[in-house]
Amino acid sequence: TSWEFKWFIFPMLGWGLGVALQAFTVFGYGRTWEERKISELMEQQQNIEETTKLDKNLKLIGISADHGGFELKEQLIPLLKTIGYEIKDFGAHKLNEGDDYPDFVIPMAKAVSKKEISRGIAICGSGVGACIAANKVDGIRSALITDSFSAHQGVEDDNMNIMCLG
């Protein structure tokens, strides 16, 4: 996986840019080393449990594409699985020049809206049509992404939940 792809995908999927969730414990005076260590371990365990819950929610993402994005979708699915994501494929499941993006993007957008999946990737020939279709679903904030900065800003500042590619 190239660094550029990770920079692009991870912010969209809620990972932030290289930000690891860690517990930083501020110890008060008057406690023994053992008390501080136990407190630190308990806080780390709690953070691990919270991170695990968060990761499980963020690990399930949807992907959809029409004939214009079918090839890219088929390349992204194994790549995303390799880096630990569970993928729900909303189609197209075979290349068909007669299909159209709303048939695949709308069901995926509804699943994101209902929180059945955490985020989505919608692909069509240009990405514009998929973005317009996804944004018609209540609770969806999708954007056409062409660079890593926009992917990061879209998630961090605009709460984007579907990334559109073309």
> Hey, mind stepping through K114 and V112 against side chain to side chain contact (heavy atoms under 4.5 Å, CB included) and telling me if it holds?
Replying inline: CA-CA 5 Å; K114 293 176 185 175; V112 172; over 6 Å; no
> Counting only N and O atoms by type, is there a donor-acceptor contact under 3.5 Å from the side chain of S142 to the main-chain atoms of C131?
Replying inline: yes
> Q75 and L79: side chain to side chain contact (heavy atoms under 4.5 Å, CB included), yes or no, with the steps?
Replying inline: CA-CA 7 Å; Q75 292 172 4; L79 180 62; over 6 Å; no
> Could you walk me through whether I61 and I87 pass the side chain to side chain contact (heavy atoms under 4.5 Å, CB included) check?
Replying inline: CA-CA 5 Å; I61 60 172; I87 306 299; 3.5 Å; yes
> Between S113 and D138, is there a donor-acceptor pair closer than 3.5 Å when you use the side chain of the first and the backbone of the second?
Replying inline: yes
> Can a donor-acceptor pair be found between the side chains of H67 and N96 at a distance below 3.5 Å?
Replying inline: no
>> Are Y85 and I145 connected into the same hydrophobic cluster when the rule is that any two of I, L, V, M, F, W, Y join if their side-chain heavy atoms are below 4.5 Å apart?
In response: yes
>> Once rounded to the nearest 0.5 Å, what's the spacing between atom CD1 of I117 and atom NZ of K110?
In response: 13.5 Å
> Which atom names give the shortest non-hydrogen contact between Y101 and G129, and what distance separates them?
Replying inline: CE1-O, 3.1 Å
> How far apart are the closest heavy atoms of I123 and I121, and which atoms are they?
Replying inline: CG1-CG2, 4.1 Å
> Residues two or more places apart in sequence or in another chain: which of them pass side chain to side chain donor-acceptor pair (under 3.5 Å) with D157?
Replying inline: Q153
>> Keeping R119 on the side-chain end and M160 on the backbone end, is there a donor-acceptor pair under 3.5 Å?
In response: yes
> Which heavy atom of G139 sits nearest a heavy atom of R141, and at what distance?
Replying inline: O-NH1, 2.9 Å
> Do V155 and I83 share a hydrophobic cluster, counting only Ile, Leu, Val, Met, Phe, Trp and Tyr and linking them when any side-chain heavy atoms are less than 4.5 Å apart?
Replying inline: yes
> Between I132 and L144, is there a shared hydrophobic cluster once you connect ILVMFWY residues whose side-chain heavy atoms come closer than 4.5 Å?
Replying inline: yes
> What is the minimum heavy-atom distance between K73 and S64, and which atoms define it?
Replying inline: CD-C, 4.0 Å
> With sequence neighbours left out, what residues match D100 under salt bridge (Lys or Arg N to Asp or Glu O under 4.0 Å)?
Replying inline: none
> Roughly how far, to the nearest 0.5 Å, is CD1 of I63 from NZ of K88?
Replying inline: 14.0 Å
> Closest heavy-atom contact between F104 and F90?
Replying inline: CD2-O, 3.5 Å
> Could you state the interatomic distance from CG (L76) to CD (E71), rounded to the nearest 0.5 Å?
Replying inline: 11.0 Å
> So which heavy atom on E74 is nearest to which on A92, and how close?
Replying inline: OE2-O, 4.3 Å
>> So for atom CD, which belongs to E116, do other residues, nucleotides or ligands contribute more than 12 heavy atoms lying within a distance under 6.0 Å?
In response: yes
